[in-house]
Amino acid sequence: MKIAIISDIHSNLEALEACFAEIDRERADDIVCLGDMIGYGADPNPCVERIRGRTPHVVAGNHDFAVIGHTPTEYFNLDALTAVIWTRGELSPENRGYLATLPLVLELGGALFVHASPSRPADWNYVRTLREAKHELAAFNQRLCFIGHSHFPEFFIERAGEVVREAPPEMTLRPGERALVNVGSVGQPRDGNPRASFALYDTDAGRVEIRRVAYNVERVRDRILDTDLPASAARRLAWGL
Ligand code: ZN
């Protein structure tokens with residue numbers, strides 16, 4: 001089975017459509033969304049509706065829950081908070097109701113899926129260091145766990161009692177190995193590469209690939225600049241930061 005995993009779309013409809021087109025070309029059997037469908041971008045309702053129409057496998061991100069008041073926003077920086085408040089005014093009652101139904105974790109194809117961290121999904125902790133990855137790998141039993149949240153695609157592999165970091169684009173698990181995979185961000189990459197990021201997981205081969213897809217960044221930037229959203233959310237898209 002081939003599963004496509006998308007995360008951190010952040011109301012970027014152009015990037016989302018480009019990823020769905022690539023997922024269709026790859027003939028993925030299933031799609032999982034790791035949350036943060038909204039926040040920062042100009043198209044919150046279409047993004048939620050497109051994802052909802054494509055897959056029942058969706059977990060909540062911190063922005064999804066912040067917009068509907070399920071998660072506190074004290075730790076949000078000013079731009080993120082401004083985007084939360086703007087999105088709150090835009091989101092349809094139906095989409096708000098849908099976001100409220102989302103779980104924090106789900107399991108599919110022998111893997112675990114969560115927005116931020118498997119050890120404490122509701123705390124929205126980042127997993128960036130080997131030490132943090134080791135702690136997280138001890139917190140779940142599945143062979144693989146897919147996360148987003150940092151917008152930085154990378155592989156943390158548990159191999160012979162050690163945890164090692166491997167850079168994308170791909171990794172294959174050998175017998176006895178486990179991994180924590182950050183799939184990167186569809187709508188706001190922060191690894192210096194402006195192309196949309198998502199993962200393809202081949203469950204039989206134990207193989208994961210990070211795929212990057214170009215989309216019309218200028219159009220998305222101009223759409224954001226036409227709103228009262230923070231301009232920083234528009235400018236950073238071209239830099240991938
Ligand atoms: Zn995010």
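Note that the numbering runs from 1 along the sequence shown for the chain.
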Asker: Using distance alone, with no hydrogens and no angle criterion, decide if N12 and Y215 have a side-chain donor and acceptor under 3.5 Å apart.
Answerer: yes
Asker: Cation over ring, R128 on F152, under 6.0 Å and within 45°?
Answerer: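 Because its charged atom sits under 6.0 Å from the ring centre and within 45° of the axis, R128 does stack over F152.
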Asker: Indicate yes or no for a side-chain donor-acceptor contact from D29 to the backbone of K2 under 3.5 Å, with no hydrogens or angles considered.
Answerer: yes
Asker: Within the structure provided, determine whether I6 and L16 are in side-chain contact (heavy-atom separation under 4.5 Å).
Answerer: yes
Asker: Any chance the side chains of N62 and T71 put a donor and an acceptor closer than 3.5 Å?
Answerer: no
Asker: Would you call R211 and E26 a salt bridge, using N to O less than 4.0 angstrom?
Answerer: yes
Asker: Would you indicate whether the side-chain heavy atoms of F156 and E166 approach each other to under 4.5 Å?
Answerer: no
Asker: For residues D8 and H149, is any side-chain donor paired with an opposing acceptor at under 3.5 Å?
Answerer: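 No, no side-chain donor-acceptor pair sits under 3.5 Å.
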Asker: Less than 4.5 Å apart, any side-chain heavy atom of F146 and any of N182?
Answerer: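 Answer no - side chains too far apart.
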Asker: Provide the closest heavy-atom pair for G161 versus K134 in the form atom of the first, atom of the second, distance.
Answerer: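 Minimum heavy-atom contact is O-NZ, 4.3 Å.
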Asker: Take N216 and E218 through the test side chain to side chain contact (heavy atoms under 4.5 Å, CB included) and record every step on the way to the result.
Answerer: CA-CA 6 Å; N216 194 329; E218 288 71 30; 3.6 Å; yes
Asker: Just do the side chain to side chain contact (heavy atoms under 4.5 Å, CB included) check on R143 and L173 with the steps written out, would you?
Answerer: CA-CA 9 Å; R143 197 175 178 210; L173 288 183; 3.5 Å; yes
Asker: Would you say the side chain of C33 lies within less than 4.5 Å of the side chain of I9, judging by non-hydrogen atoms?
Answerer: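 Yes, side chains in contact.
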Asker: Please check if atom CG in N141 has more than 12 non-hydrogen atoms from other residues, nucleotides or ligands closer than 6.0 Å.
Answerer: no
Asker: Could you verify whether a donor N or O on one side chain and an acceptor N or O on the other, from S92 and N95, lie under 3.5 Å apart?
Answerer: yes
Asker: Would you compute the distance between atom CZ of F113 and atom NE2 of H57 and round it to the nearest 0.5 angstrom?
Answerer: 9.0 Å
Asker: Does the side chain of L34 reach to within under 4.5 Å of the side chain of V183, using non-hydrogen atoms?
Answerer: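 L34 reaches V183 side chain to side chain.
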Asker: Check step by step if side chain to side chain contact (heavy atoms under 4.5 Å, CB included) holds for Y201 and R207.
Answerer: CA-CA 6 Å; Y201 169 37; R207 184 173 173 277; over 6 Å; no
Asker: Taking R178 as the fixed residue, which of E136, E162, E158 is the one that meets the salt bridge (Lys or Arg N to Asp or Glu O under 4.0 Å) rule?
Answerer: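 For R178, the salt bridge (Lys or Arg N to Asp or Glu O under 4.0 Å) check succeeds only for E158.
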Asker: In the structure I gave you, are the side-chain heavy atoms of L91 and V67 within less than 4.5 Å of one another anywhere?
Answerer: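 Result yes, sub-4.5 Å side-chain heavy-atom pair found.
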Asker: In terms of the angle between their ring planes, are H151 and H10 parallel, tilted or perpendicular, with boundaries placed at 30° and 60°?
Answerer: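 The arrangement is tilted - the two ring planes meet at 30° to 60°.
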Asker: Determine, for E94 against R52, whether the closest basic-nitrogen to carboxylate-oxygen distance falls under 4.0 angstrom.
Answerer: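 Salt bridge: yes.
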Asker: F198 ring centre to R212 NZ or CZ under 6.0 Å, with the angle to the axis within 45°?
Answerer: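 Judged by the rule (NZ or CZ under 6.0 Å from the ring centre, within 45° of its axis), R212 is not positioned above F198.
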